[in-house]
Every structure is written in structure tokens, then in C-alpha cells.
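Inspection log for the structure reproduced underneath, given as C-alpha cells.
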Amino acid sequence: MSATSTSDSSPILLQRDDDIVTVVLNRPEKLNAFTIDGWRLLGDTFLELDRDDSVRCVVLRGAGEKAFSPGNDISEFETARSNKRQAVEYGAVMRRTIEAIGGCRHPVVAQIHGICVGGGMEIASLADLRICGESSRFGVPIKNLGLVMSYSELAPLVRLVGPTVALQVLLEGTIFDATEALRLGVVTRVVPDDQVQAQAQAAARRIADGAPLVARWHKKFVRNLIQGKALSDADRDEAFDCFDTEDFRAGYRAFLAKAKPQFSGR
């Protein structure tokens with residue numbers, strides 16, 4: 001069953017379809033631009049989802065089909081980010097949200113319609129899969145605002161595309177199309193505009209149909225490798241914990257029976 005658990009006036013909507021949760025950036029009148037309240041609520045949402053064992057995949061999207069998000073609402077700068085003190089406070093809220101999304105143990109699929117620039121591209125880069133339409137546009141043109149991308153904002157982009165491409169994106173500040181985004185590694189898949197939602201939901205369903213513990217372990221292991229963690233023997237042996245799970249037994253027995261496995265997450 002599908003459900004919506006957040007008021008339609010909220011900057012973040014939460015929709016649920018069984019074990020798949022869709023998080024919607026909900027300011028369509030502003031192309032889903034972020035305010036500090038939106039950043040804060042998005043972080044709260046992902047922290048809550050991370051604790052929910054019944055979730056198997058999260059889809060992150062913008063409301064409507066004009067934009068994923070163009071980043072922060074520039075009109076808010078006059079009151080909320082007009083000096084360093086305010087910017088540090090605002091940045092702490094952003095950092096908490098970035099870390100909440102990046103640290104989410106459930107797989108995250110970014111469903112990208114239209115514009116995905118600035119902070120929008122930062123958020124999308126935190127997803128495990130990023131599926132966009134052919135008319136989508138990307139970039140981080142903050143040099144034109146005299147703004148610097150902070151370490152917490154920059155880290156996911158550097159991990160995703162590497163330092164050379166990250167600097168190209170930041171120093172040139174160009175807006176580029178979906179084909180270039182795919183070439184640079186900003187997105188993982190480009191599909192016709194009218195297929196973005198269907199393709200993103202299909203990917204989420206394929207993920208959710210797999211063993212959820214395995215997905216969480218894979219995310220954890222990849223994160224450890226990217227971060228260069230010194231792996232202990234216990235860390236390495238954790239890869240074999242799966243053999244003591246009910247999901248492993250259900251998986252191989254279903255394979256032998258040529259049936260679809262039913263995973264319980266235990």
C-alpha cells in the first residue's frame with residue numbers, strides 16, 4: 001500500500017510503497033530550492049529512515065518534473081547567510097543532513113528530473129544510483145555568487161567523480177547536459193524524460209527485492225574502502241556473517257528450487 005506521512009505543505013514529503021520510501025523535495029514553486037528548514041527536515045527524515053529496519057530502498061526526488069533542485073534559495077541569503085557567523089550555523093545544518101544521507105545504511109536512488117545544480121547536485125551525488133532524464137542539466141556555478149563549497153559539501157562530489165573533474169566543475173562553473181553528466185560520472189543512467197520515474201522505481205524495486213542485509217553490508221564495505229579504513233581481521237570476517245542469516249538460507253534454497261527468494265531481513 002502507498003502512503004504519504006507528511007503534510008503537503010511541508011518542504012519534505014514522505015511517501016511509502018511497502019518497503020520503498022520516496023523522499024520528495026517539495027518546493028515546486030521555487031524549483032525545489034532549499035531553505036534552512038528544508039535542509040534540517042531532510043536530515044531528520046534520513047536519520048529516521050536509517051533506523052527503520054523495514055525500509056529496503058529510498059528514492060530521493062524533487063516535486064514535479066521541472067527540477068530535482070537548483071540548490072539553496074538565494075533569496076534567503078539576505079537574512080540567513082549574510083555573514084560568516086550565519087553561514088557557519090547554516091553550514092552545520094547542511095553538514096548534518098549531508099552526513100545523514102551519506103551515512104544512510106539503506107540504498108538510495110536519486111530520481112532526477114530537469115535541473116540538478118548547486119546544492120541539488122551535491123545531494124544527488126550522495127545517492128548510490130542517479131537516474132536522470134535526457135533534458136536534465138547539471139553544474140555547480142557558485143563561483144558566480146562568490147561562494148565556496150565547504151568540505152562537507154565537496155567530499156561527496158570528489159568521491160563520486162574524482163578531484164580533477166570536481167575542480168573542472170567548480171572552476172569553470174558551466175552547466176552541462178545529461179550526456180556530459182554520464183561521461184563525467186555524475187549520473188549512472190540517462191533515460192527518456194518520460195521514463196525517469198518508471199526507471200527509478202524499477203531500480204528501487206530490484207534493490208528492494210534483494211536481501212536487505214546484503215545491501216547494507218555492501219554499502220558499508222564500499223564506504224570503508226573509499227574512506228581508506230584500515231581493515232582488521234574482524235572487519236574482513238564480517239563479510240562472512242551473511243552465512244549465518246536466514247536470508248542466505250532462503251536465497252540458496254530458492255535458487256536450487258528455481259523460485260524467487262523471499263527475504264525477511266534476518
Side-chain angles (χ1 to χ4, degrees), residues 11 25 27-36 38-39 42 60-99 101-102 110-127 129-190 193 196 226:
L25 311 178
R27 292 188 77 215
E29 73 283 2
K30 293 286 188 177
L31 299 178
N32 307 315
F34 279 99
T35 63
I36 191 168
W39 277 107
L42 183 62
L60 180 59
R61 62 163 299 171
E65 297 187 354
K66 292 183 178 179
F68 180 82
S69 175
N72 288 328
D73 189 337
I74 305 303
S75 67
E76 193 181 47
F77 280 36
E78 190 73 28
T79 55
R81 299 178 79 187
S82 63
N83 55 58
K84 181 176 179 178
R85 178 186 60 78
Q86 289 183 335
V88 168
E89 294 172 356
Y90 200 113
V93 175
M94 292 177 63
R95 178 181 178 182
R96 173 178 176 270
T97 296
I98 288 168
E99 290 177 351
I101 299 172
Q111 177 182 318
I112 302 169
H113 300 272
I115 298 167
C116 184
V117 301
M121 191 168 124
E122 295 169 19
I123 290 295
S125 71
L126 293 161
L129 298 178
R130 295 161 305 284
I131 299 172
C132 77
E134 293 171 333
S135 67
S136 292
R137 295 294 182 268
F138 301 84
V140 189
I142 58 174
K143 72 180 185 67
N144 300 325
L145 294 171
L147 289 179
V148 171
M149 184 182 282
S150 69
Y151 281 107
S152 57
E153 299 169 83
L154 185 57
L157 181 62
V158 173
R159 286 196 296 267
L160 182 63
V161 300
T164 301
V165 171
L167 279 173
Q168 173 188 317
V169 169
L170 290 168
L171 296 179
E172 293 191 52
T174 57
I175 302 298
F176 48 93
D177 64 17
T179 299
E180 182 70 355
L182 183 64
R183 186 185 73 82
L184 295 176
V186 173
V187 297
T188 48
R189 196 174 309 159
V190 179
D193 288 340
V196 175
I226 290 174

Got a second to check how far [X]'s [atom1] is from [Y]'s [atom2], nearest 0.5 Å?
{"X": "Glu65", "Y": "Ser136", "atom1": "CD", "atom2": "OG", "answer": "10.5 Å"}
{"X": "Ile36", "Y": "Glu89", "atom1": "CD1", "atom2": "CD", "answer": "8.0 Å"}
{"X": "Arg27", "Y": "Ser69", "atom1": "CZ", "atom2": "OG", "answer": "9.5 Å"}
{"X": "Met94", "Y": "Ile123", "atom1": "CE", "atom2": "CD1", "answer": "7.5 Å"}

Closest approach of [X] and [Y], non-hydrogen atoms and distance?
{"X": "Pro141", "Y": "Gly118", "value": "CD-N, 4.5 Å"}
{"X": "Cys116", "Y": "Ala124", "value": "SG-CB, 3.8 Å"}
{"X": "Gly120", "Y": "Phe68", "value": "O-CE2, 3.4 Å"}

Do [X] and [Y] make a side-chain contact, defined as non-hydrogen atoms from C-beta onward lying under 4.5 Å apart?
{"X": "Val169", "Y": "Val186", "answer": "no"}
{"X": "Val187", "Y": "Phe138", "answer": "yes"}
{"X": "Phe34", "Y": "Thr97", "answer": "no"}
{"X": "Leu154", "Y": "Val148", "answer": "no"}
{"X": "Glu76", "Y": "Arg81", "answer": "no"}
{"X": "Leu171", "Y": "Lys143", "answer": "no"}

* Given side-chain contact (heavy atoms from CB on, under 4.5 Å), test Arg61 with Val196 step by step and report yes or no. => CA-CA 10 Å; Arg61 62 163 299 171; Val196 175; over 6 Å; no
* To do: Could you tell me whether Arg95 atom CZ has more than 12 heavy atoms of other residues or ligands within 6.0 Å of it?
  =>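 No, CZ of Arg95 has 12 or fewer neighbouring heavy atoms, counting only those of other groups under 6.0 Å.
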* To do: Inspect the surroundings of CD in Glu29 and state if more than 12 heavy atoms from other residues, nucleotides or ligands are less than 6.0 Å away.
  =>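 Atom CD in Glu29 is packed in, count exceeds 12.
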* Asked: Any side chain to side chain donor-acceptor pair (under 3.5 Å) pairs touching residues 163-184, not counting sequence neighbours?
  ->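 Residue pairs passing side chain to side chain donor-acceptor pair (under 3.5 Å), neighbours aside: Glu180-Arg183.
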* To do: Measure from the side-chain N and O atoms of Glu153 to the backbone N and O of Met149, and report whether any donor-acceptor pair falls under 3.5 Å.
  =>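 Not a single qualifying donor-acceptor pair exists.
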* Quick check: does any side chain N or O of Arg137 sit under 3.5 Å from a backbone N or O of Ser135, one acting as donor and the other as acceptor? -> yes
* To do: Applying side-chain contact (heavy atoms from CB on, under 4.5 Å) between Met121 and each of Val140, Leu160, Ile115, Ile112, report the one that passes.
  =>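 Only match with Met121 under side-chain contact (heavy atoms from CB on, under 4.5 Å): Val140.
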* Can you name the side chain to side chain donor-acceptor pair (under 3.5 Å) partners of Asn72, sequence neighbours left out? -> Trp39
